[in-house]
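Numbers for residues simply follow the sequence, beginning at 1. Computed from heavy atoms alone, side chains included, the values below leave out hydrogens, waters and symmetry copies.
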Amino acid sequence: MNNELIYQIALTLLPGVGDIVGKKFVAYCGSAEAIFKETKKSLEKISGMREVTIDAITSNKDLMVRAEKEIRFIEENNVQPLFYLDADYPHRLLQCDDSPLMLYYKGNANLNANRVVAIVGTRNITEYGKENCQQLIEDLRQDNVLVVSGLAYGVDSCAHRASVKNGIPTVGVMGCGLQMVYPSANKQIAEEMQQNGGVLTECMSGTQPDRENFPRRNRIIAGMADAVVVIESALKGGSLITADLANTYNRDVFAYPGRVMDIFCQGCNYLIRTNRAHLMESVTNLRYVMRWDVPQKAEERQTSIFREFTDEEKMIMDCFGDSSIVSLDDIIVKTELPTTKIASLLLNLEFDGLLMAMPGKRYQRG
């Protein structure tokens, strides 16, 4: 039995410890196991360590029993546990502070595929929504993408089924444990997805599909993706929550417009009207914004080695420091230049091969 895995699972069970705090404790102590090996005096010195948490760590028998039970479930059901420090953990999620400490995965798709598209929308999908969803999936066949959705009724089910039909790997992120599929009507498609895709959750076995699990599930969908596409949505609901989270994570959001009087077009129209989403008419819009239609061969990119920087360009280049990738938000904050000026400078640096635009409003040094 994997001793470190026991402690990793136990860490997620500690009272008063969420995803953000848990990662801070691991960084401070060195590993999940090291946290449980610390003395009470040492634990008391750790910033943010509450008394209820210290008591749970020092008298951890119940936690270990539950963690061992989870490991038995993992082994018996061919589940892959993914701690946030593991190589196979979704790298895009690591860019999100509130990403789960632990994920549980059944499937064979690469969660770190080069291109990941999340497709979300209402459970009450219309014919208009079905046509847009199915056409988008069909058009994505040549783009080598992984499609992520929430395995719910409506748009989610349509996206997963269309992906399976078109041979596109697809992963469903669930708001319950892997002992079940919710809704049960999607059990068959979930099994088919595991042949070329999979099902993923942060919930331990036995967790029921309670209401509070789904907003948390949505942050995983948003965080895993390069782009989030909203097919149809009312003004309130999980799709708009996912879109808001995606914007927070600097992901590109797309939405299909619709007739102003249609309830399930109002959410998409709102996202477009308030500049929270790009207008989506076809896959062409997605490819253009994500720069998937631009050849990215290294030999085709010519870097101006001897180019001299202006003072403002130097401010932007200094934002990178030792990093190769920096978000647009970081550049705005660090340079304090007007956003329109930054956009112009970034474009010039791109033309000269010194920077390359990346999905999620990020830039990579050439």
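Side-chain N or O atoms of S233 include none that pairs as donor or acceptor with a backbone N or O of G267 at under 3.5 Å. Between the side chain of T122 and the backbone N or O of F264, no donor-acceptor pair lies under 3.5 Å. Counting only distance, with no hydrogens or angles, the side chain of S344 and the backbone of K341 share no donor-acceptor pair below 3.5 Å. No side-chain donor-acceptor contact under 3.5 Å links T170 to the backbone of V148. The closest donor-acceptor contact from the side chain of R217 to the backbone of G150 lies under 3.5 Å. A donor-acceptor pair under 3.5 Å is absent between the side-chain atoms of N218 and the main chain of T242, judged by distance alone. A distance-only check finds a donor-acceptor pair linking the side chain of N247 to the backbone of R276 [under 3.5 Å]. With hydrogens and angles disregarded, a donor-acceptor distance shorter than 3.5 Å links the side chain of N269 to the backbone of G258. Judged purely by atom type and a 3.5 angstrom limit, N285 uses its side chain to pair as donor or acceptor with the backbone of E281.
Under a cut-off of 6.0 angstrom, the local environment of CG in N78 is sparse, with at most 12 non-hydrogen atoms contributed by other residues, nucleotides or ligands. In the displayed structure, N77 atom CG is contacted under 6.0 Å by more than 12 heavy atoms of other residues, nucleotides or ligands. In N144, the CG atom is not crowded: 12 or fewer heavy atoms of neighbouring residues, nucleotides or ligands sit closer than 6.0 Å. For CD of E336, the number of neighbouring non-hydrogen atoms (other residues, nucleotides, ligands) closer than 6.0 Å is 12 at most. The number of heavy-atom neighbours closer than 6.0 Å to CD1 of I263, taken from other residues, nucleotides and ligands shown, is 12 or below. Counting non-hydrogen atoms of neighbouring residues, nucleotides and ligands closer than 6.0 angstrom, the OH atom of Y182 reaches no more than 12 such neighbours. Atom CG of N108 has more than 12 neighbouring heavy atoms from other residues, nucleotides or ligands inside a 6.0 Å radius.
K165 contributes atom NZ, which lies 6.5 Å from atom CD of Q134 (distance to the nearest 0.5 angstrom). A distance of 11.5 Å separates CG in L14 from CZ in R50, rounded to the nearest 0.5 Å. For the atom pair CG of L63 and CG of L11, the computed distance is 10.0 Å after rounding to the nearest 0.5 Å. If you take CE on M224 and CG on L200, they are separated by 5.5 Å, rounding to the nearest 0.5 Å. Rounding to the nearest 0.5 Å gives a distance of 10.5 Å between OG1 of T53 and CD1 of I35. The CG atom of N112 sits 9.5 Å away from atom CG of L146, with the distance rounded to the nearest 0.5 Å.
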Could you go through E127 and K130, starting from their C-alpha distance and side-chain angles, then the distance that decides it, and tell me whether this counts as salt bridge (charged side-chain N to carboxylate O under 4.0 Å, His left out)? CA-CA 5 Å; E127 285 302 315; K130 286 181 184 177; 3.6 Å; yes

V229 vs I231, side chain to side chain contact (heavy atoms under 4.5 Å, CB included): CA-CA, chis, key distance, verdict: CA-CA 6 Å; V229 180; I231 301 290; 4.1 Å; yes

Please report the C-alpha distance between V155 and V120 in whole Å, then the side-chain angles of each, then the deciding distance to 0.1 Å, and finally whether the side chain to side chain contact (heavy atoms under 4.5 Å, CB included) criterion is met. CA-CA 6 Å; V155 169; V120 298; 5.6 Å; no

Between D98 and Y249, is the side-chain hydrogen bond (donor to acceptor under 3.5 Å, both in side chains) condition met? List the steps. CA-CA 10 Å; D98 59 349; Y249 297 152; 2.7 Å; yes

With side chain to side chain contact (heavy atoms under 4.5 Å, CB included) as the criterion, how do R216 and E202 come out once you've worked through the C-alpha distance, each side chain's angles and the decisive distance to 0.1 Å? CA-CA 9 Å; R216 291 179 55 77; E202 67 176 318; 3.2 Å; yes

side-chain hydrogen bond (donor to acceptor under 3.5 Å, both in side chains), that's the test. Do S99 and K23 meet it? Break it down for me. CA-CA 10 Å; S99 58; K23 290 169 195 164; 2.6 Å; yes

Applying side chain to side chain contact (heavy atoms under 4.5 Å, CB included), run through L101 and Q8 and close with a yes or a no. CA-CA 8 Å; L101 286 164; Q8 290 169 351; over 6 Å; no

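Looking at every heavy atom in both residues, L245 comes nearest to P215 through CD1-O, 4.3 Å. Across every non-hydrogen atom of A225 and V117, the tightest pair is CB-C, 4.4 Å. Closest heavy-atom contact between A243 and V230: CB-CG2, 4.3 Å. Considering all non-hydrogen atoms of both residues, L151 and P183 come closest at O-CD, 3.4 Å. Across all their heavy atoms, M193 and G172 have their closest contact at CE-N, 3.3 Å. For the pair N213 and Q208, the tightest heavy-atom approach, listed with the atom from each and the gap, is ND2-O, 2.9 Å.
Looking at heavy atoms from C-beta onward, N196 lies out of side-chain contact with V164 at the 4.5 angstrom threshold. Under the 4.5 Å side-chain criterion, counting only non-hydrogen atoms from C-beta, I316 is not in contact with E312. Between L328 and I342 there is a side-chain heavy-atom pair separated by less than 4.5 Å. By the 4.5 Å heavy-atom criterion applied to side chains, V199 and V171 are not counted as neighbours. In this structure, V145 and V116 have side chains that are not in contact, with every pair of non-hydrogen atoms separated by 4.5 Å or more. Side-chain contact between M49 and V21 is absent, with no heavy-atom pair separated by less than 4.5 Å. When side chains are defined from C-beta on, T12 does not count as touching F83, because their heavy atoms never get closer than 4.5 Å. At a threshold of 4.5 Å between non-hydrogen side-chain atoms, the residues V228 and I119 do not count as touching.
Counted by atom type alone, S42 and T39 present one or more donor-acceptor pairs between their side chains at under 3.5 Å. One side chain, D252 or H278, offers a donor N or O that lies under 3.5 Å from an acceptor on the other.
No option in D97, D19, D244 other than D19 meets the salt bridge (Lys or Arg N to Asp or Glu O under 4.0 Å) test with R219. Each of K69, Q179, E70 was scored for a side-chain hydrogen bond (donor to acceptor under 3.5 Å, both in side chains) with S205, with one residue passing: E70. For the side-chain hydrogen bond (donor to acceptor under 3.5 Å, both in side chains) with D139, the qualifying choice from R141, Q142, Q135 is Q135, the only one to do so. Of the options R115, R92, R251, a salt bridge (Lys or Arg N to Asp or Glu O under 4.0 Å) to D226 is made by R92 and by none of the others.
Ion pair R123/E232 not flagged as a salt bridge, since none of the NZ, NE, NH1 or NH2 atoms sits closer than 4.0 Å to an Asp/Glu carboxylate oxygen. At a threshold of 4.0 Å, the pair D311-K314 does not count as salt-bridged, since none of the basic side-chain nitrogens sits closer than that to a carboxylate oxygen.
Ring orientation note: the planes of Y84 and Y89 are nearly perpendicular, at an angle over 60° on the 30°/60° scale.
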